[in-house]
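I have placed the structure first, in the form of structure tokens, so that the comments after it can refer back to it.
The basis for the numbers below is simple: all heavy atoms, side chains too, and nothing from hydrogens, waters or symmetry mates. Chain identifiers are assigned alphabetically (A, B, ...) following the order of the sequence lines, protein sequences preceding nucleic acid strands; residue numbering begins at 1 within each chain.
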Amino acid sequence: MSRCVKDVLWSNYKYTRVDTSCYAGVWGLMPRCGYGSNMTNGYRKPQSFGSGCLWKSNSFSSFQRHYASHASTEQKSRKMLLYLTALVFAMVGSTYAAVPLYRRFCQATGYGGTVQRKETVEEKIARHSKDGTVTTREVVVQFNADVADGMPWKFIPTQREVRVKPGESALAFYTAENRSSTPITGVSTYNVTPMKAAVYFNKIQCFCFEEQRLLPGEQIDMPVFFYIDPEFETDPRMDGINNLILSYTFFKVNED
Amino acid sequence: MSAGGAFGGNRGARPVPPEKGVFPLDHMHQCDLEKKDYIGCLKSSGHQSENCRIFSKKYLECRMAKNAQSMHSLVHWERDNKET
């Protein structure tokens, strides 16, 4: 009789609440039976529970209390586990999301020298000519040329500097010479300093990003056509900036 | 700014390609004279881009004549810009 009751109660077991019926025999025995932390099992054979367990009537209430707090700590730790797991996934997810977000942030703020791109240069020129903006501040653009290690080219800017007003396009040249005895292909990359001004530096046409092949002993002029955005003058962050340095570096491309 | 090491820090983030693309290089040295005029003008006028605008236009027109397709929009751009 008591055994049947135990079966029923055990199969209906919900650890979130204490079942008051027949609790005297059933619940109080659980901690004793080494039930311990295995609360997830919905069902257990009553035999293991009924045969090897001892039951002491006078210590039932302490069992009940022990059980109740045991259940709530179990519940709390389960919640904590779920919370922490969700946190881990959230962290990993945000790491993956950081790449496009950071790129957008860089474009919006020009951080790290990113050259901004919101409208094309032609649109910008059309807009400024319509507005009738007049620029008066002269900016000196200096040029710098580098080659990577192991690249036998002589690469120098043809002119030291160009003085230009924002909104005016300017042409500049670099001269490269292949000093070796084999044809060499190079590709270049550029950078504008100071970095916060790079936002306003627009290149219309240049020789960068595409492989350029020079025959042995060949010398060639490489033009860059650029212009500085007129908004450069109105930006308060650009107040002390009158010098821009355009720097190109040539890297060797391995020919197959 | 020297922060942002992941994106190259001082070297800046990914550079943006030029508006009108790549300048086809003058391997044949056909427009050398115009280029020399321009550089000479720059040196004599204190590197003022404004004073030598006419020479840069000549150079671009020379390149366009020799290498038709790619310089077309460039010269239009230059012309529009001058009118402003």
- [ ] State, with a plain yes or no, whether a side-chain heavy atom of A:Asn191 is found less than 4.5 Å away from one of A:Ile245.
- [x] no

Open item on the list: So A:Tyr174 and A:Asp221, do their side chains get closer than 4.5 Å, heavy atoms only?
Closed with: no

TODO: Name the region of B:Tyr38, side chain, backbone, both or neither, that has any atom closer than 4.5 Å to a heavy atom of chain A.
DONE: side chain

- [ ] Please flag which part of B:Asp32 lies under 4.5 Å from any non-hydrogen atom of chain A: side chain, backbone, both or neither.
- [x] side chain

TODO: Would you verify whether the NZ or CZ of A:Lys203 falls within 45 degrees of the ring axis of A:Phe225 while also being under 6.0 Å from that six-membered ring's centre?
DONE: no

Top residue by heavy-atom pair count (under 4.5 Å) with chain B, among [options]?
options                      : answer
A:Gln159, A:Arg160, A:Glu218 : A:Glu218
A:Thr249, A:Leu171, A:Val224 : A:Leu171
A:Leu215, A:Ile220, A:Val162 : A:Ile220

Task: Structural part of A:Gln212 lying under 4.5 Å from a heavy atom of chain B - done: side chain

Task: Donor on one side chain, acceptor on other, B:Asp37 and B:Tyr59, under 3.5 Å - done: no

Open item on the list: I'd like to know whether the aromatic ring centres of A:Phe143 and A:Tyr248 sit less than 6.0 Å apart in this structure.
Closed with: no

Task: Salt bridge present between B:Glu61 and B:Arg63 (N-O < 4.0 angstrom) - done: no

Task: Choice from B:Gln48, B:Glu50, B:His47, B:Lys43 maximising heavy atom contacts with chain A below 4.5 Å - done: B:His47

